[in-house]
Colleague: 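Could you have a look at this structure, given as structure tokens, before my questions?
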Amino acid sequence: NKIDDQILVIFGASGDLTARKLIPALYHLCKGEYLPKNFIVLGASRTDMTDEEFRNRVITESKFFKDEHKSDKACMEDFASKLFYQDLGGDYNSSYEPVKQRLLELSKEHDIPENYIFYLSTPPSIYINIANNLSAVGLTDQSNGWKRLVVEKPFGYDLKSAKKLNKGLLKCFNEHQIYRIDHYLGKETVQNLLVTRFSNSIFEPLWNKNYISHVEITNAESEGVGSRGGYYDGSGAFRDMFQNHLMQIVSLVAMEPPYAIEANAIREEKLKVLKCLKGWTPSRIRRNTVRAQYAANDGMKGYKEEDGVPEKSKTETYAAIKFYFENWRWEKVPFFVRTAKRMPAKVTEVIVHFKPSPKNLFDGKQENNKLIIRIQPNEGIMLNFGMKLPGQGFSVENVDMDFNYSDLSEDDVPEAYERLLLDVMQGDATLYALGAEVEEAWAFVDPVLEAWKNDKDIELHQYKAGTWGPKAADKLLGKFDWRDPTED
Ligand code: BG6
């Protein structure tokens with residue numbers, strides 16, 4: 001696709017995300033010759049820096065670049081020449097007139113129309129201020145070029161704040177100009193959920209309550225909260241991972257076929273299925289949700305001993321939940337989702353468990369079919385089914401048909417941010433969340449968070465760091481078991 005010449009303005013350019021994810025992703029796009037002919041990145045933040053100092057900070061001195069910096073000097077120099085920096089004068093609230101003037105100068109010098117992406121990689125508390133400031137100096141005006149706004153997560157802290165944020169941004173930008181990032185949607189395997197479901201005639205006919213017994217999603221991280229204790233303690237596993245990334249995965253698993261692979265079609269279907277989520281009652285929250293915190297184990301600190309975490313913290317680092325959709329496809333099919341830090345491995349997988357065959361004709365216990373979609377790592381798909389064991393009689397053994405994503409192409413799987421940045425440059429919002437989707441997700445999550453805060457009967461369990469979580473989460477599954485993702 002031809003991409004318009006444009007300028008990407010990163011607010012919060014001196015921050016961690018810029019150096020860790022955005023600049024490396026842009027460099028790979030540059031190396032792969034995906035960037036438009038005339039393209040500039042203008043970093044903006046409160047730190048006083050020259051263009052040269054900015055380039056040094058995000059390339060030469062950056063620990064995310066050490067090897068690449070040496071391996072392809074010409075390409076790196078070309079990329080560095082596209083980076084510029086504008087100091088915001090110590091404050092995100094002072095007038096953006098200097099930013100505007102700088103953009104006009106750069107546009108003129110590099111022959112770029114006033115096509116600007118504003119990427120907000122700042123604390124969310126100032127998103128609305130930034131949008132207002134852009135609008136106040138006319139930087140949202142589209143007469144000489146398009147304008148797009150990208151916002152990072154967290155998008156709100158609860159439904160009320162998410163609504164306020166949407167409302168504030170919509171005063172300055174239209175919905176189609178706002179790109180709400182969820183980096184899980186940039187992952188190849190998450191996108192592949194759509195292809196698996198809708199390009200194969202063998203799965204979709206079975207993808208419903210008639211054939212599926214339950215759906216299980218595990219999102220585990222082996223790391224603890226590390227240096228992010230301060231942020232994390234105000235968030236917790238449910239806000240940090242479930243409301244956004246996992247709700248996105250759930251919607252892709254559960255949605256109806258879209259009328260086309262196109263932003264509105266897909267996002268509307270995701271929104272529709274979220275609207276079918278069965279609502280909560282206090283007792284259902286008590287029975288169907290489990291929260292826990294990791295305790296010291298095997299040389300690993302407990303959550304409460306981590307830097308920045310208060311000694312009496314009640315924030316969960318583990319959340320497991322059982323819920324239902326109330327629609328024709330999924331009536332009475334339970335969905336189980338768990339997410340946690342300090343588990344035995346880093347792994348995300350979706351497991352579709354099929355119902356048993358109508359009658360067990362063969363010897364021994366037969367396991368039900370499973371489709372395991374490995375989001376990360378070892379990206380791929382595994383179909384588990386019964387086969388006859390060679391020899392006398394009819395003994396059944398369950399075997400795996402295993403597909404590894406890496407077998408499909410020699411190319412490295414692109415980083416989520418590469419895909420997402422390229423999409424916003426092209427004006428493709430398919431992999432970005434709608435405001436209404438985000439609000440719907442909060443509407444589902446809010447009552448659980450409220451109950452966890454206020455309902456004295458909901459225990460905050462403990463689990464030993466490096467284990468698969470509390471016993472209470474096993475009970476949540478009733479007659480089923482969580483799959484151990486490390487077992488194969
Ligand atoms: C982020 C969360 O959004 O996602 C982090 O804030 C989490 O707490 C991270 O570690 C996980 O992302 P990934 O891509 O490593 O699974």
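Atoms considered below: every heavy atom in the structure, side chains included; atoms not considered: hydrogens, waters and symmetry mates. Both ligands and their constituent atoms are indexed starting at 1 by order of listing. Owing to the predicted nature of the structure, the values given are computational and were not obtained by experimental measurement.
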Colleague: With a distance cut-off below 6.0 Å to the six-membered ring centre and an angular limit of 45° from the axis, does K82 pair with F79 as a cation-pi contact?
Modeller: no

Colleague: Suppose we measure from atom 9 (C) of ligand 1 to each protein heavy atom; which comes out shortest, and what is that distance?
Modeller: M241 SD, 4.1 Å

Colleague: Can you establish whether the number of heavy atoms outside K304 located under 6.0 Å from its atom NZ is more than 12?
Modeller: yes

Colleague: Who's the nearest protein heavy-atom neighbour of atom 12 (O) of ligand 1, and how far?
Modeller: H183 NE2, 3.2 Å

Colleague: How does K187 reach ligand 1, by side chain, by backbone, by both or by neither, if only non-hydrogen atoms under 4.0 Å count?
Modeller: side chain

Colleague: Ring centres under 6.0 Å, that's the criterion: do Y96 and F118 meet it?
Modeller: no

Colleague: For atom 10 (O) of ligand 1, what's the nearest protein heavy atom and its distance?
Modeller: E221 OE1, 2.6 Å

Colleague: Return the closest protein heavy atom for atom 6 (O) of ligand 1 as residue, atom name and distance.
Modeller: D240 OD1, 2.6 Å

Colleague: Would you kindly say whether N244 and D182 are connected by a side-chain donor-acceptor distance under 3.5 Å?
Modeller: no

Colleague: Does ligand 1 come near enough to Q376 that some N or O of the ligand is less than 3.5 Å from an N or O of the residue?
Modeller: yes

Colleague: Under a 4.0 Å N-O cut-off, is there an ion pair linking D298 with R342?
Modeller: no

Colleague: What is the closest protein heavy atom to atom 13 (P) of ligand 1, and at what distance does it sit?
Modeller: K346 NZ, 3.5 Å

Colleague: In Å and rounded to the nearest 0.5 Å, what is the CZ to OH distance from R291 to Y318?
Modeller: 14.0 Å

Colleague: For K341, take its heavy atoms, then give the atoms of ligand 1 lying under 4.0 Å from any of them.
Modeller: 5 (C), 7 (C), 8 (O), 10 (O)

Colleague: Nearest protein heavy atom to atom 16 (O) of ligand 1, by residue and atom, and its distance?
Modeller: Y184 OH, 2.4 Å

Colleague: Taking the six-membered ring for Trp, are W442 and Y157 ring centroids under 6.0 Å apart?
Modeller: no

